[in-house]
Amino acid sequence: MRAIRVSQYGGPAVLKLEEVPTPSPGPSQVLVRNHAIGINPVDTYLRSNTDNRGPKLPYTPGSDAAGVIEAVGTAVAGVKPGDRVYFGGSLTGSYAELSLCEQGQIHPLPGNASFAQGAAVNVPYATAYHALFNRAHGRAGQSVLVHGASGGVGIAAVQLARAAGMTVIGTAGTDRGRRIVAEQGAHHVLDHTAPGYPDDLLKLTGNRGVDVVMEMLANVNLQKDLNVIAMSGIIVVIGNRGNTEINARSAMNKDAAILGMALFHASPQQLAGIHAALVEGLRNGTLRPVIGEELPLAQAARSHEVVMEPGHHGKVVLVP
Ligand code: NAP
């Protein structure tokens, strides 16, 4: 089969399309023929070995894809070749024509969701769900600022919060991004590049502030979040790309909590709950991943450039 291989850490050019042996499933494993592969910013951090978290070389990148089961191991029950699935994590990487998964890593892909949408589920939607419900304990009637709502995680957070009965304020940096955020269910949409937008946000809440912030770029926004958080509000740091300085007094003044989160730390029980909710959300149509760009598998390097470009919208997927 063909797969993308990384033999040295570096820029997008280290992603090479190669011929590799097709894996075969062990007793508890499932082989998936990928029809679409989700590209996440974390794939670029691992490729360049940011924070020394790069996988052992050589490796096939990627955690997310959707496709059809090709073969199952002898001890696998409940799924069969031909079933449509998406997966979150695999044993062999997702940037490939086929991926080997443990059965617990695959989830049913409802018939109303495309393969590209299935590839857009795992990291973005599981992250948004874990941040919003398991970390911030968001609930109906609360207000939430999705600070960076036009990307993969942001769109997921908007849809999840709206379906849960929260008042949703989303931000984006371009007209097209703001249009998408409004279409995906945000009650109010602001421009995070406009001077004074936090004041507009406060006005939208009658100067009370927001109960929850889902923060995609904390190094730029953490102090602004503290300025607009409501009393006892919760800021969840989902994305961060540098250092920042805050006045911690703003947190004291509001009894505010700043919570870090990494999907990586979700427990097996939490992941089971998250995916049960996501599969049902796909099935009932409240969760509708938005695809920004589809590229052939051979253009994996380009996909890593696109996913890091400011102003790209929705999800970048590769098609084998
Ligand atoms: P993405 O699709 O590239 O989206 C990036 C988002 O950030 C866009 O909505 C973009 O908006 C927005 N943004 C740009 N400048 C901003 C600003 N000044 N203020 C607020 N938002 C701004 O990426 P993603 O997949 O949604 O991931 C978002 C971040 O979360 C990334 O840093 C990623 O690494 C991180 N992440 C963390 C976890 C975790 O477990 N903690 C999991 C998944 C992702 P415009 O382009 O419209 O300006």
Side-chain angles (χ1 to χ4, degrees), residues 38-48 50-51 53 62-64 88-89 119-132 134-136 144-160 168-184 186 189-198 201 210 213-225 227-228 235-242 244 258-267 270-271 274 289-293 303-317:
I39 307 300
N40 292 293
V42 67
D43 304 345
T44 73
Y45 316 151
L46 296 174
R47 185 209 67 223
S48 55
T50 308
D51 300 334
R53 284 175 51 219
S63 55
D64 298 1
V121 173
N122 178 53
V123 166
Y125 279 78
T127 298
Y129 189 99
H130 192 52
L132 189 57
N134 294 339
R135 296 296 280 147
V144 56
L145 167 64
V146 182
H147 215 163
S150 51
V153 180
I155 288 171
V158 167
Q159 293 174 356
L160 285 162
V168 183
I169 304 167
T171 74
T174 64
D175 283 341
R176 187 157 161 255
R178 286 187 287 280
R179 212 165 41 246
I180 292 172
V181 175
E183 283 164 7
Q184 296 315 313
V189 185
L190 296 170
D191 177 357
H192 52 230
T193 69
Y197 78 95
L201 170 63
V210 285
V213 178
M214 303 273 98
E215 181 51 63
M216 304 303 156
L217 198 56
N219 53 305
V220 173
N221 291 327
L222 196 53
Q223 183 61 55
K224 287 185 222 164
D225 295 338
N227 295 344
V228 301
I235 299 163
V236 186
V237 175
I238 298 172
N240 182 70
R241 290 182 179 166
T244 190
I258 302 169
L259 304 182
M261 74 77 57
L263 181 60
F264 183 72
H265 298 135
S267 68
Q270 285 173 325
L271 285 174
I274 289 168
V290 175
I291 307 307
E293 191 156 346
S303 75
H304 275 209
E305 290 167 0
V306 175
V307 81
M308 297 306 277
E309 277 165 7
H312 81 88
H313 303 106
K315 192 72 199 171
V316 184
V317 301

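In listed order, ligands and their atoms are each counted from 1. The structure displayed is predicted, hence computed values, not measured ones. Residue indices begin at 1 and follow the sequence shown.
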- Once the angle between the rings of H147 and Y197 is folded into 0 to 90°, is it parallel (under 30°), tilted (30 to 60°) or perpendicular (over 60°)?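 Perpendicular.
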
- Checking side-chain contact (heavy atoms from CB on, under 4.5 Å) for the pair K315/N40: CA distance, chi angles, key distance, verdict? CA-CA 8 Å; K315 192 72 199 171; N40 292 293; 2.6 Å; yes

- Taking it one step at a time, do R241 and M308 satisfy side-chain contact (heavy atoms from CB on, under 4.5 Å)? CA-CA 12 Å; R241 290 182 179 166; M308 297 306 277; 3.7 Å; yes

- Note on the structure: The answer, listing residues by chain and number that come under 4.0 Å of ligand 1 through any heavy atom, is P41, Y45, V123, T127, H147, G148, A149, S150, G151, G152, V153, A172, G173, H192, M216, L217, V220, N221, I238, G239, R241, M261, A262, L263, V307, G311, H312

- Hey, mind stepping through D191 and R178 against side-chain contact (heavy atoms from CB on, under 4.5 Å) and telling me if it holds? CA-CA 7 Å; D191 177 357; R178 286 187 287 280; 3.0 Å; yes

- Query: What closest approach, in Å, do V123 and S63 show between heavy atoms, and which atom pair accounts for it?
  - Reply: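 Taking every non-hydrogen atom into account, CG2-OG, 3.6 Å.
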
- Reported CG-to-CD distance for the pair N134 and Q270, which is rounded to 0.5 angstrom: 4.5 Å

